[in-house]
Amino acid sequence: MLHGRPPEAGPDTAPRPEYGPDRSLTARQQAKAAELTAAGDKVSASAVANLRRRYQAEGVLGLVDHRQAAKRPAFGSMDERVVTAMRTAISEAVDASTRTGSFILWRTGEILRETPGAQDLEVPSERTLYRLLAKLTDGTHTFSAASSRRSPRARSCRSTRPRWT
């Protein structure tokens, strides 16, 4: 669209008539929008203009949709000390007898009280803590019977031992 020639064409290749040097930039952008719409991608001339400006400013990387690249924290605005305390409480409960979610929340609070510098920390609501607990224990056997929690680890250890015949 900028020069009227495909990128792989040589400098002596004549531009297509709708993209020729005698056409205004606006007319070339409208022609590109019509071409893309005819190909099945409904695009406006203003969208083509925005893409052209980004391409001229940043090159090919300017055309990339960066919305996917925006990384959000895994646990939102949750303080990392709360996440660490809950992970500790969960790991303590793995080999113990079967524990409930309310016990894990209580133990998280106890760990936070014992943590230096966490006294000024505002602990989130119980509902928020339960959502965090669900994220941290997703796919685990945290609240099943103790034998169920220990057996997957035991199986993985047994599978690495050589079998003797």
Side-chain angles (χ1 to χ4, degrees), residues 1-91 93-94 99-109 111-112 115 117-144 148-149 152-153 156:
M1 182 188 73
L2 294 175
H3 309 291
R5 296 182 298 267
E8 65 274 357
D12 56 335
T13 305
R16 294 192 302 187
E18 62 270 19
Y19 300 111
D22 58 325
R23 304 279 313 247
S24 70
L25 182 58
T26 304
R28 288 182 279 167
Q29 289 171 172
Q30 289 170 345
K32 180 51 100 173
E35 180 183 332
L36 291 172
T37 300
D41 294 321
K42 187 166 171 50
V43 180
S44 68
S46 62
V48 171
N50 287 334
L51 289 169
R52 176 195 51 82
R53 281 191 291 274
R54 288 199 321 234
Y55 175 76
Q56 286 180 312
E58 303 173 39
V60 176
L61 286 178
L63 302 177
V64 175
D65 184 4
H66 295 286
R67 290 177 294 183
Q68 297 297 324
K71 297 289 182 189
R72 295 185 182 145
F75 303 109
S77 61
M78 183 79 60
D79 192 299
E80 187 61 35
R81 294 175 289 185
V82 175
V83 176
T84 303
M86 188 170 286
R87 282 186 173 142
T88 303
I90 291 168
S91 67
V94 169
R99 300 293 186 190
T100 62
S102 59
F103 173 82
I104 301 292
L105 266 56
W106 170 82
R107 182 64 186 130
T108 300
I111 292 170
L112 286 171
T115 304
Q119 286 73 25
D120 62 332
L121 178 67
E122 185 177 324
V123 178
S125 69
E126 187 174 287
R127 184 175 180 179
T128 302
L129 288 173
Y130 271 111
R131 276 188 294 231
L132 174 63
L133 180 62
K135 284 182 181 180
L136 292 175
T137 59
D138 187 36
T140 65
H141 299 279
T142 304
F143 300 113
S144 58
S148 299
R149 289 192 310 271
R153 287 197 316 253
S156 65

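All heavy atoms count here, side chains included; hydrogens, waters and symmetry mates do not. Fair warning: this is a prediction, and the values are worked out from it, not measured in the lab.
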Indicate yes or no: at least one non-hydrogen side-chain atom of [X] is less than 4.5 angstrom from one of [Y].
{"X": "K42", "Y": "L36", "answer": "no"}
{"X": "F75", "Y": "L136", "answer": "yes"}
{"X": "V82", "Y": "L129", "answer": "yes"}
{"X": "Y130", "Y": "P124", "answer": "no"}

Side chains of T88 and S91, donor plus acceptor under 3.5 Å:
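Their side chains do not contain a donor-acceptor pair, so the 3.5 Å distance test is not met.
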
Within the 3.5 Å criterion, strictly below it, is a donor on T26 or S24 matched to an acceptor on the partner's side chain?
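Their side chains do not contain a donor-acceptor pair, so the 3.5 Å distance test is not met.
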
Apply the test side-chain contact (heavy atoms from CB on, under 4.5 Å) to residues D79 and E122: give CA-CA distance (whole Å), side-chain angles for both, the deciding distance (0.1 Å), then the verdict.
CA-CA 9 Å; D79 192 299; E122 185 177 324; over 6 Å; no

Only pairs at least two apart or in different chains count here, so list each side chain to side chain donor-acceptor pair (under 3.5 Å) that has a residue in residues 4-16.
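Matches after skipping sequence neighbours: R16-E35.
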
Would you name the heavy atoms of [X] and [Y] that are closest together and state the gap between them?
{"X": "A89", "Y": "T108", "answer": "CB-OG1, 3.7 Å"}
{"X": "Q29", "Y": "A49", "answer": "NE2-CB, 3.4 Å"}
{"X": "P15", "Y": "P21", "answer": "CG-CD, 3.9 Å"}
{"X": "L63", "Y": "L51", "answer": "CD2-O, 3.5 Å"}
{"X": "G20", "Y": "R28", "answer": "O-CD, 4.0 Å"}
{"X": "R23", "Y": "P17", "answer": "CG-O, 3.7 Å"}

Run the ring-ring contact (aromatic ring centres under 6.0 Å, His included) test against F103 and tell me which residues pass, sequence neighbours left out.
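Once residues adjacent in sequence are excluded, the partners of F103 under the ring-ring contact (aromatic ring centres under 6.0 Å, His included) criterion are W106.
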
Going from [atom1] on [X] to [atom2] on [Y], what distance comes out if it is rounded to the nearest 0.5 angstrom?
{"X": "L133", "Y": "I104", "atom1": "CG", "atom2": "CD1", "result": "6.5 Å"}
{"X": "L61", "Y": "E58", "atom1": "CG", "atom2": "CD", "result": "7.5 Å"}
{"X": "R52", "Y": "S46", "atom1": "CZ", "atom2": "OG", "result": "12.0 Å"}
{"X": "M86", "Y": "K135", "atom1": "CE", "atom2": "NZ", "result": "11.5 Å"}
{"X": "K32", "Y": "Y19", "atom1": "NZ", "atom2": "OH", "result": "4.0 Å"}

Is a side-chain N or O of R81 found less than 3.5 angstrom from the main chain of T115, in a donor-acceptor match?
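No.
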
Under a 3.5 Å distance rule, please check whether T37 uses its side chain to pair with a backbone N or O of A33 as donor and acceptor.
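Yes, because the side chain of T37 sits within donor-acceptor range (under 3.5 Å) of the backbone of A33.
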
Is it true that atom OH of Y55 has more than 12 heavy atoms of other residues, nucleotides or ligands lying nearer than 6.0 Å?
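For Y55, atom OH is not crowded (no more than 12 foreign heavy atoms under 6.0 Å).
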
